[in-house]
Amino acid sequence: AAALLDKKQFKLPSLQDFCIHVITENIDHVNALGEIGNHNKMKICRILAKNRSLNNKTVELFLDNNTTELEFWDCSKIDKNKMNQVASFCPNLVSLTLNMCGQFHNDNLQYFSNKLSNLKELTLDGPFLINDDNWQSFFESNTAKNLTKFHLKNTHRFSNDSLVSLLENCGNNLESLSLSRLDGLNSKPVYDLLPHFLPSLKFLEISSPHNENLIDDELLINLLSINCETLHTLILNKCSHLTNKFLVEGIKPFGANLTNLTLIDLDQIDDDGMNEVFTDWNINKGLTNINFERCISLTDASIYNVLNHSHQTLESLNLNSVKNISKVMFSKLSRNLTFPVLEYLDLGFVRSVDDLALAIISRICPVLKILEVYGDNRCTEKALVREDLTVIGRQTDSI
Amino acid sequence: MSEYVTLVANDGYRVVVSKKAASASGTLQSMLSEAFEEGVTGTITLHELDGPVLEKVAEYLCYNNKWATGGTSSGDIPDFPLPTAMALELLVAADFLHL
C-alpha cells in the first residue's frame, strides 16, 4: 500500500529477470553457466533480445571461434567497441544478422570487411550511421565481393551511388537481395540498372521505395526476363506504381520457377491482370506462398482462379483486407477445391468470412494450423472447426 | 476439482504445487483450462524440462505466490537464489513457461 501511495508500482522480478541477472553477473566465467549446445545458444540469444537484455555483457555468451552463424535481433545496447569484438572473436562467420543496429559504425563495417573473410550472408536493419563513402569502400572489399545474400532495411544513408557500387562489385554473385525502406535511393535511372547486374538472383525484395514512381512495370519485366531461370521469391510490397502490365508481361511469361509471390498494397492490380496470369499458367507448377494483403481491387473473380492454379502447392496464403471477397467464393471453393498442404491462412478484415466459411475452410484445408480472422465480426466461437486448427482474432474469444 | 496440480519432468521427477501458484505461468494457466486433458487430470508433463530445473521452477512459483502480492516495496523481499550453473537452462525454461 505504501508503494501505491508513493505512486510507485512494484512488480516482482520474473524468473527470466533473475536468470538474466545471474548470467550478466557471471559473464566473465562463461564456463560456470553450464554447457548448453549451439542450438540452445541461438534460442537464448533470441530470448535475451526479447527481454531487451542483449548488451555489451551478455553478448559475450555468443562469441567464440567456431561460430559460423549469428543473429542479433536487437543491437541497440551493443556499442561500437563491442561490435568489433564480434568480428575478432568469430572470424569464421558465414552468416550475420544485425537488427536495430543504429550504433553500428563506419569503423565497424570497415573492420568487419577486413576480418570476416568467410562472410556470405549479411542482413542489416537500421544501420543509419554508415555513410555513402563507407558503403562504397565496403562493397569494393573482397569480403563484400563474396556475398551471396545482402539484405538492407531502414536507412536513409544508403544512396544511389551506394547501390551502383553494390551492383558493380557484388552483383554477379548475389543470389538474395533485399532493399526495404531506403529513402536515400531516389534515382529512377539507378533502379533501372538492377536488371543488368544481377545474373544469378533467386530472391528479390524491393519494399517501400522512397517514391512509388521509382519502381515501374518496365523495370520488373526487364528483371524477370533476365532472371526467369532462377528467381523463386519476389517481394514487392508498397511498390504501388505497378500495374497489370507487370503481371501479364512479366510474371506470366517469365515466372516459371516462382514459388513465393508477395505483393502487399498494390492497389492498381485488379482482376483482369490476375485472371490473365493465373488462367492456363502452365509453365508454373504452383506457388507455395501467396501474399496479396491489401490488394483492394481484387475480387472473387480473380482470387478463385489464383487458388485454382496453386491449390495443390500452397503452404501459406495471406488475403488480409482483400475486402471484396464474398461468401459465394467460399461455397464455390467448398465444392471444387482442397488445399492439401496449406498450413497458414490469414483472412483478417475480409468481412464476408463467417462461421460457415470457417467450417468450410477447416474441411478443405486438412493440415491448416493457423487461421487469422481479425476484424471478421461474423466469426464466433460457434463455428465448427477442427480441434487442431487455431483460430486467432475472434471477438468472442476471451483473452 | 483439486486445488493442486502435479508437474512432471522428462526424467519422471514429480512436484506438486497449488493451482494458484502455477497460474503465475501463462503457459501452465492455459494448459489448466478445462478444455485440455491436463485441466481434467491435474497432471502436466513438461517434456522440455528436466528434474533439477523443474524443481527450481516450482520453487519460483511458490516464491512468486508468496511475495507477488504480499510485499510492498523491494526492500522487504528476499532475492530468489539461483545456482549459476543452471542460469541458461532455466532461462530457456522460463521463456517457455512465460515466467
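In the text below, chain A, chain B and the rest are named by the order of the sequence lines, each starting its count at 1.
- Remark: the A/Ser334 side chain and the A/Arg363 side chain contain an N/O donor-acceptor pair separated by less than 3.5 Å.
- Here the side chains of B/Asn65 and B/Val17 are not in contact, with every heavy-atom distance at 4.5 Å or above.
- Two rings, from A/Phe89 and A/Phe62, have their centers 6.0 Å or more apart.
- Residues passing the salt bridge (Lys or Arg N to Asp or Glu O under 4.0 Å) test with A/Asp376, sequence neighbours excluded: none.
- Looking only at atom types and distance, the side chain of A/Ser76 has a donor-acceptor partner in the side chain of A/Arg52 under 3.5 Å away.
- Residue contact with chain A, scored on non-hydrogen atoms closer than 4.5 Å, involves the backbone and the side chain of B/Phe80 alike.
- Between the side chains of A/Asn56 and A/Asp79, at least one donor N or O sits under 3.5 Å from an acceptor N or O.
- Heavy-atom proximity under 4.5 angstrom to chain A picks out nothing from residues 44-56 of chain B.
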